[in-house]
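See below for the structure under consideration.
When a residue number appears, it is its place in the shown sequence, counting from 1. What you are looking at is a predicted structure, and each value in this text was computed from that prediction instead of being measured.
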Amino acid sequence: MNFTVNTEVCTRCGICVAECPTGLLVMTENGPQPDRGGCLKCGHCVAVCPTMALDYDMTPRAEQPVLPNQTTLSPDEAELFLRRRRSIRVYKDLPVPREDLVRLLNVARMAPTATNSQGISFRVIQNKETLKKISVAVLNWMHMMGKKNARMRLYARGADMCVKRGQDFILHDAPTLILAVTSEKMFDRGRDSGHFCLSYAELFAPTLGLGSCWSGFVEYCAQYGWEELLDLLDIPDGQKVAGAIMVGYPKYKYRNLVERRPLDVSFDEDAL
C-alpha cells in the first residue's frame, strides 16, 4: 500500500477521514494516514479531496478523470431521463456493433456493489443460431417446471401459442443477449451486484439508440442449472449467471410516458 499526502496543499480538513467507509484513515499532524482496518479500494479519499493532496496506488489519481463543474441533471431532467426507459420486446433486425456494447458494459461495470466487491463479468451472445437454441432450451425448461408449478404451466402455454405464430416468446428475436456473471462463492451478493450492473446498462442503453428488456426466464433457467441452457451459455466453471437482459435497436418509438401505481410511502411521525 502506497498512500501519499502532499503536505504543502493538504489542509487537514478531515473530509477524506469522514468519507472513508471502513475507518482506515486517521488524521495526524502530517495529514491523513492509514491506520488499522481494511480498504475497499473505493477511491473516495482521493476523489473527495478538495485540494487534490492525496494519491493512493490502490486507486491512483491518474485513473480518476476530473469531474466538470456541472455534474448533475436538474431534477426535472433526471426524472424524464429515468422515466423514458421502457422494456423493449420488438427489435429491428440489426446487429449491435461491438464498440457500442463495450461502451455500454464499461458503464455497467461502474454500478455499486456490496463492499465494492465488484466481481461481475459479462457474457455477450449475438450468434443468431445460438440465440434460437437458447429460446428452445428455456422453453423446454418451462414445460418441465410446468408439470409441478401452475404459474409456469400458464407461461409455457402462452409461449407455445407464440411459437405457433412464429414469435420468440423468450428472447423476442433480440439480436443480443447480455449475461451478468458472478462467482458461485459470491452468489448471495453477486446476484444483486449483477442486477445493479445490468440496471446501469438499461439506463445507459437509450443514449446509444438501444433498447433493452430483462430476460427473467433465461436468468431463472440458468440459476436452476438446466444443463441444456448452460451448455449453450458456456459459462466458466465456478461462475453463475446473476442476471440477463436483451439488447437491440427498438423497432418502434414510444410517444408518451406511462404512469405507474400511486406512490405508497410512510414516514416516521417524529421526523422533521
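At most 12 heavy atoms of other shown residues, nucleotides or ligands fall within 6.0 angstrom of atom CE in M52. The number of heavy-atom neighbours closer than 6.0 Å to CD of E8, taken from other residues, nucleotides and ligands shown, is 12 or below. By the 6.0 Å contact criterion, CZ on R165 is enclosed, its count of non-hydrogen atoms from other residues, nucleotides or ligands being greater than 12. Enclosure of atom CZ in R83 by more than 12 non-hydrogen atoms of other residues, nucleotides or ligands within 6.0 angstrom is indicated.
Using a 4.0 Å cut-off between charged nitrogen and carboxylate oxygen, D93 and K128 count as a salt-bridge pair. For E29 and R12, the salt-bridge test fails: no basic side-chain N is under 4.0 Å from an acidic carboxylate O.
Defined by atom type and a distance below 3.5 Å, a donor-acceptor pair is present between the side-chain atoms of E202 and S212. Checked by atom type, the side-chain pair Q118/T113 shows no donor-acceptor distance below 3.5 Å. With no hydrogens or angles considered, a side-chain donor-acceptor pair links T115 and R189 at under 3.5 Å. Between the side chains of T4 and D55, no donor N or O sits under 3.5 Å from an acceptor N or O.
N6 places no side-chain N or O within donor-acceptor distance of the main-chain N or O of A53, the cut-off being under 3.5 Å. Of the possible donor and acceptor atoms, one in the side chain of S199 sits under 3.5 Å from a partner among the backbone N and O of H195. Looking at N116, its side chain does come within 3.5 Å of a backbone N or O of K41 through a donor-acceptor pair. Of the possible polar contacts, one joining the T22 side chain to the G38 backbone as a donor-acceptor pair under 3.5 Å is found. Of the possible donor and acceptor atoms, none in the side chain of D35 sits under 3.5 Å from a partner among the backbone N and O of L24. At least one donor-acceptor pair under 3.5 Å links the side chain of R123 to the backbone N or O of L233. Judged purely by atom type and a 3.5 angstrom limit, W226 has no side-chain atom pairing as donor or acceptor with the backbone of V138. In this structure a side-chain-to-backbone donor-acceptor pair under 3.5 Å is missing from E219 to G216.
Centroid-to-centroid, the aromatic rings of Y155 and F169 stay 6.0 Å apart or farther.
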For a side-chain contact (heavy atoms from CB on, under 4.5 Å) check, start with the C-alpha distance between R86 and I88, then their side-chain angles and the critical distance, and finish with the verdict. CA-CA 6 Å; R86 305 301 311 164; I88 302 301; 4.2 Å; yes
Please assess R61 against C49 for the test side-chain contact (heavy atoms from CB on, under 4.5 Å), listing each intermediate value before the final yes or no. CA-CA 11 Å; R61 176 174 293 283; C49 178; 4.3 Å; yes
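A distance of 8.5 Å separates CZ in F3 from OG1 in T59, rounded to the nearest 0.5 Å.
Smallest separation of non-hydrogen atoms from Q223 and A242: NE2-O, 3.7 Å.
The side-chain tip of K240 points at the ring of F187 from less than 6.0 angstrom away and within 45° of straight on.
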